[in-house]
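Here is the naming used below: chain letters follow the sequence lines, and residue numbers restart at 1 for every chain. Below, all heavy atoms of this structure are taken into account, side chains as well, without hydrogens, waters or symmetry copies.
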Amino acid sequence: MLLCAPMKNTSSQKSMTGAEALIRCLENYGVEYIWGLSGGAAIPIFDALVGSKIKLILVRHEQGATHMADGYARATGKPGVVLVTSGPGATNTVTGIMTAHMDSVPMIVLTGQTISPMLGKDAFQESDIFGITMPVVKHSYLVKVTNDIPRVIKEAFHITNTGRPGPVLIDLPKDVTSATFTGTTLDPKMDIPGYKIPAKPKKSDILKMAKLFKGSKRPVLLVGHGAVIARAGDAIKKLAYKLKSPVTNTLLGKGEFPETDPLSLGMLGMHGTAYANLALTRCDLIMSIGSRWDDRINGNPAKFCIGAKKLHIDIDAAEINKILKPDAYCIGDAREIVEELVKCVDTLDTKEWLKELDGYKAKYPLNSASSEKGLTAQYVLHELQNVTQGRAIISTDVGQHQMWSAQFNLAIKGTRWLSSGGAGTMGFGFPAAVGAQFGCPKDLVVAVVGDGGFQMTLSELATVFIHKLPVKVLIIDNKYLGMVRQWQELFFENRLSGVDLEGNPDFVKLAEAYHIKGVHIDKAEHVRARLEEAINFPGPVVIWAEVIKGDNVFPMIPAGKSAYEMIIEPPHRDTKLEKPTGST
Amino acid sequence: MESQKSNIHTISFLVANKPGVLVRVAQVFARRGYNIDSLVVSATVNPKYSRMTITATGNVETLEQIIKQSAKLIDVIHASEHTGIDSVTREFALFKVKCPSNKKTSIIKALKNKAHVVDEHQSTLIIGKTGTTEDLDLLETELKKFGIIEMVRSGKLVMATGKETT
């Protein structure tokens with residue numbers, strides 16, 4: 001993971017405050033944007049931003065700032081930086097920090113804090129954010145000495161984006177940022193002897209993995225987010241083609257191996273394609289490249305790919321043996337490992353296997369047909385695919401629309417698919433798209449959101465308007481918290497509870513109130529033209545697609561079940577399904 | 001009882017001497033519902049680092065995860081489990097026992113060579129002992145005869161033997 005090398009500190013500086021030293025350091029690390037919301041304890045830092053080349057993006061809610069930083073980081077590979085005040089300003093970042101932590105996203109969160117003599121005394125807007133966030137950060141600091149600021153910033157940038165990336169929080173008491181910085185350098189030595197980045201992968205481990213491929217007739221490569229972070233796509237392509245092995249991907253691994261490739265099986269897991277999940281039931285070897293065998297994939301570890309050899313590549317040693325015991329593993333950077341592995345394997349005889357899988361593809365395609373009952377989300381998203389052809393950066397929210405988008409919006413590059421996978425954070429999709437648009441101003445960025453999640457962070461429409469960001473927001477409005485409604489229908493005898501979003505606004509009028517163009521779709525015959533109109537419009541557009549209310553996502557593997565128990569087609573009305581044993 | 005015993009683990013952490021380290025490590029245990037039986041934190045010869053010795057009860061797979069997850073913490077220099085083969089362990093305990101003045105001499109006599117008297121009061125004695133956990137357990141059983149008012153134990157310390165460092 002690359003960091004910009006800090007520029008040499010010029011010796012002829014006039015005196016500066018801790019806050020000014022902080023901003024100088026951030027400039028030196030190449031920070032372009034800070035997403036934030038001001039407040040009393042952070043005023044010295046906001047003051048130091050006046051005249052800085054770093055652009056301050058004032059958001060409407062701190063959660064939005066964290067997701068923007070997150071989307072920026074996922075799309076560009078550079079850490080996103082957030083600046084908020086103490087107390088509620090700081091606690092409003094917790095969801096965003098947790099989201100970044102679950103998905104290994106580099107992010108630096110700067111929080112103002114009450115003056116240090118008042119720490120722990122229930123001062124106005126004091127919150128122990130250092131303590132509150134401890135379980136959801138890669139590391140955190142409470143800075144007590146002004147002159148420590150440059151070292152802390154340097155360590156934070158190093159930690160956040162090396163090894164397995166993750167968020168770093170820096171809590172900055174107001175007296176510490178206000179005091180004069182008297183240090184001699186803005187580029188001091190780091191002091192983190194306990195931080196170890198995995199060394200070069202062990203050749204012996206790679207050879208052990210290569211050996212297991214020998215004689216495999218039904219291999220599957222499983223691409224996860226670690227492969228995206230390592231930019232392992234080219235190496236994986238070489239490996240898949242040399243082995244002649246099919247490739248499936250997790251929700252966050254989408255695109256690192258192009259989903260349009262004939263060897264791709266698309267996404268696996270709870271709402272993955274039938275053919276990817278059937279491949280799991282038939283494979284004799286599966287190799288995870290940067291996936292952590294999460295429960296949405298394995299369903300039930302004891303019944304996951306029974307009899308198949310399991311190989312695991314991960315940069316985080318703690319992931320080995322966490323969910324299942326692999327037959328061989330290698331710890332390190334996914335790209336380095338796969339590049340080496342390509343040299344050590346031979347082409348496999350997979351002709352029969354690929355034929356079998358092609359059969360499944362033909363037999364169980366994803367269904368995006370429009371329904372007699374009205375417009376379907378699947379149809380809209382399939383048309384979005386036809387209009388964008390994979391050239392868009394797609395950022396999704398969480399729920400049914402996310403799964404449909406994952407099924408129909410085939411990704412051809414890992415950094416073009418942004419979704420909250422581990423945390424499943426509703427309200428993520430729209431601000432993450434905004435952050436991605438800041439980082440990739442020339443790219444087409446589409447936020448695919450549900451009516452529920454969008455209403456959690458929609459106030460950032462103001463941010464979009466002010467900065468003239470051409471983000472397209474596609475709202476799949478089924479007037480329900482649809483994924484939960486689906487579970488209640490299938491497993492709780494349709495006893496709907498807490499899922500009806502009665503009272504949704506007119507989203508076109510809502511967009512217009514924020515000075516943003518709104519487009520409405522409720523008929524299949526209008527979808528293509530209105531999507532094209534919106535996508536080709538030079539500014540931001542909110543596309544309000546009203547779809548049928550009671551639709552369900554299939555295929556589905558009920559939580560806690562294995563791929564062997566996948567429900568491919570909607571079950572008959574009277575079918576009684578047992579309640580899932582898995583968590584979610 | 002036997003299987004429970006084998007589920008007791010002693011883990012030693014070398015950590016940065018910074019605020020919050022204890023919370024970070026304790027959180028890794030708590031998150032997985034692993035109870036800490038004893039915990040000792042103290043200085044090392046290098047003032048930059050502290051030593052934490054934790055004993056905990058639970059299955060081996062969870063423990064492996066806990067050690068790996070704690071080792072990932074930036075403030076943890078290293079974490080490792082120690083077995084009886086490669087290390088020695090000691091613990092210290094204080095027992096306050098009932099001791100009417102007419103029995104004092106006989107109690108002190110009975111404890112000779114097993115523990116020492118740290119404090120004498122009119123009706124109580126404080127008895128101290130350093131030893132392995134099992135030694136202290138034995139003493140505890142013995143002192144129960146006289147009536148233990150309270151017991152304070154230091155928690156287990158571990159040190160690798162020979163050239164190896166802990």
May I have a list of the donor-acceptor pairs under 3.5 Å that connect chain A with chain B?
from: A/Ser140; atom 1: O; to: B/Arg24; atom 2: NH2; distance (Å): 3.0
from: A/Ser140; atom 1: OG; to: B/Arg24; atom 2: NH1; distance (Å): 3.1
from: A/Ser140; atom 1: OG; to: B/Arg24; atom 2: NH2; distance (Å): 3.1
from: A/Asp191; atom 1: OD1; to: B/Lys48; atom 2: NZ; distance (Å): 2.9
from: A/Lys196; atom 1: NZ; to: B/Val76; atom 2: O; distance (Å): 3.4
from: A/Lys196; atom 1: NZ; to: B/Ile77; atom 2: O; distance (Å): 2.8
from: A/Asp316; atom 1: OD2; to: B/Lys72; atom 2: NZ; distance (Å): 2.5
from: A/Ala317; atom 1: O; to: B/Lys68; atom 2: NZ; distance (Å): 3.3
from: A/Ala318; atom 1: O; to: B/Gln65; atom 2: NE2; distance (Å): 2.7
from: A/Ile320; atom 1: O; to: B/Lys68; atom 2: NZ; distance (Å): 2.8
from: A/Asn321; atom 1: ND2; to: B/Glu64; atom 2: OE2; distance (Å): 3.2

Exercise. Given that the side chain runs from C-beta out, which part of A/Leu142 has a heavy atom under 4.5 Å from chain B: side chain, backbone, both or neither?
Worked result: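 Answer is neither: A/Leu142 stays 4.5 Å or more from chain B.
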Problem set entry | For A/Pro198, all residues meeting side-chain contact (heavy atoms from CB on, under 4.5 Å), sequence neighbours excluded |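 For A/Pro198, the residues satisfying side-chain contact (heavy atoms from CB on, under 4.5 Å) (neighbours in sequence not counted) are A/Ile315, A/Ile331.
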Exercise. Is atom CE of B/Met159 surrounded by more than 12 heavy atoms (other residues, nucleotides or ligands) closer than 6.0 Å?
Worked result: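 Open.
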For this session: Let me know if B/Leu73 has heavy atoms under 4.5 Å from chain A in its side chain, its backbone, both or neither.
Result: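 Only the backbone of B/Leu73 comes within 4.5 Å of chain A.
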